[in-house]
Amino acid sequence: MFDKLIAARQKAEEIKKRLDNITVVGEVEGGIIKVTATANKEVTAVDIDHVFLANADKEELEELLAVAINHAIRQADNISQTEMQGAAKDMLGGLGGLL
């Protein structure tokens, strides 16, 4: 049983490394704001269209930035959940008739 716990920990580390290499992008208004993140929900870049930025007010910029970040986070969550579900199936399948 201890071996199964070690294997589960190793699998979780592998998934985390894989998620670090998956990129998601949240964008709004046809791409005037783009937020790039990893599937581990670490924001790696923010791109704001320079024409929009020159004409936007602070409140509009803040609202759209929040929406773009939330889009990226949701995509990262979906990918992370899919990866974890796949790993859980593999681990539960490896338990044989214990459950």
Side-chain angles (χ1 to χ4, degrees):
M1 188 66 160
F2 188 68
D3 292 339
K4 296 284 184 190
L5 293 174
I6 292 172
R9 173 177 266 157
Q10 289 173 337
K11 186 72 170 175
E13 286 298 317
E14 290 172 15
I15 291 170
K16 184 180 181 329
K17 287 178 185 176
R18 196 165 47 242
L19 293 175
D20 279 337
N21 293 310
I22 297 172
T23 300
V24 297
V25 177
E27 61 182 359
V28 293
E29 302 282 327
I32 60 171
I33 297 178
K34 293 181 185 177
V35 175
T36 305
T38 69
N40 272 326
K41 303 175 203 161
E42 182 177 326
V43 174
T44 58
V46 175
D47 181 46
I48 302 171
D49 180 81
H50 68 280
V51 174
F52 167 75
L53 183 59
N55 297 313
D57 64 22
K58 181 179 183 291
E59 185 176 302
E60 180 182 23
L61 176 60
E62 290 170 345
E63 287 176 11
L64 291 177
L65 185 56
V67 170
I69 291 169
N70 286 330
H71 283 183
I73 298 283
R74 275 193 294 278
Q75 288 180 42
D77 274 339
N78 289 339
I79 292 169
S80 179
Q81 286 176 7
T82 300
E83 289 285 329
M84 292 304 214
Q85 286 171 351
K89 281 183 182 178
D90 289 346
M91 286 187 291
L92 290 176
L95 293 177
L98 292 176
L99 297 176

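Everything numeric here is computed off the predicted structure, so don't read it as measured data.
- With hydrogens and angles disregarded, a donor-acceptor distance shorter than 3.5 Å links the side chain of T82 to the backbone of N78.
- Under a 4.5 Å side-chain heavy-atom criterion applied to ILVMFWY residues, the cluster that includes L53 comprises V28, I32, I33, V35, V43, V46, I48, F52, L61, L64, L65, V67, I69, I73 as well.
- Of all non-hydrogen atoms in A72 and A37, the two that sit nearest each other are CB-CB, 4.4 Å.
- To the nearest 0.5 Å, the span separating CG on D49 from NZ on K34 amounts to 9.5 Å.
- Taking CD1 of I22 as the start and NZ of K17 as the end, the distance is 14.5 Å to the nearest 0.5 Å.
- Screening residues 66-87 for salt bridge (charged side-chain N to carboxylate O under 4.0 Å, His left out) gives R18-E83, K41-D77 as the qualifying pairs, with residues at least two apart or on separate chains.
- Counting heavy-atom neighbours within 6.0 Å of E42 CD, excluding the residue itself, gives a total of 12 or less.
- Using a 4.5 Å cut-off on side-chain heavy atoms (C-beta onward), T36 and V24 make no contact.
- A side-chain donor-acceptor contact under 3.5 Å links Q75 to the backbone of V25.
- With hydrogens and angles ignored, the 3.5 Å screen pairs no side-chain donor or acceptor of T23 with any backbone N or O of T38.
- A salt bridge does not link E13 to R9: none of the charged side-chain nitrogens sits closer than 4.0 Å to a carboxylate oxygen.
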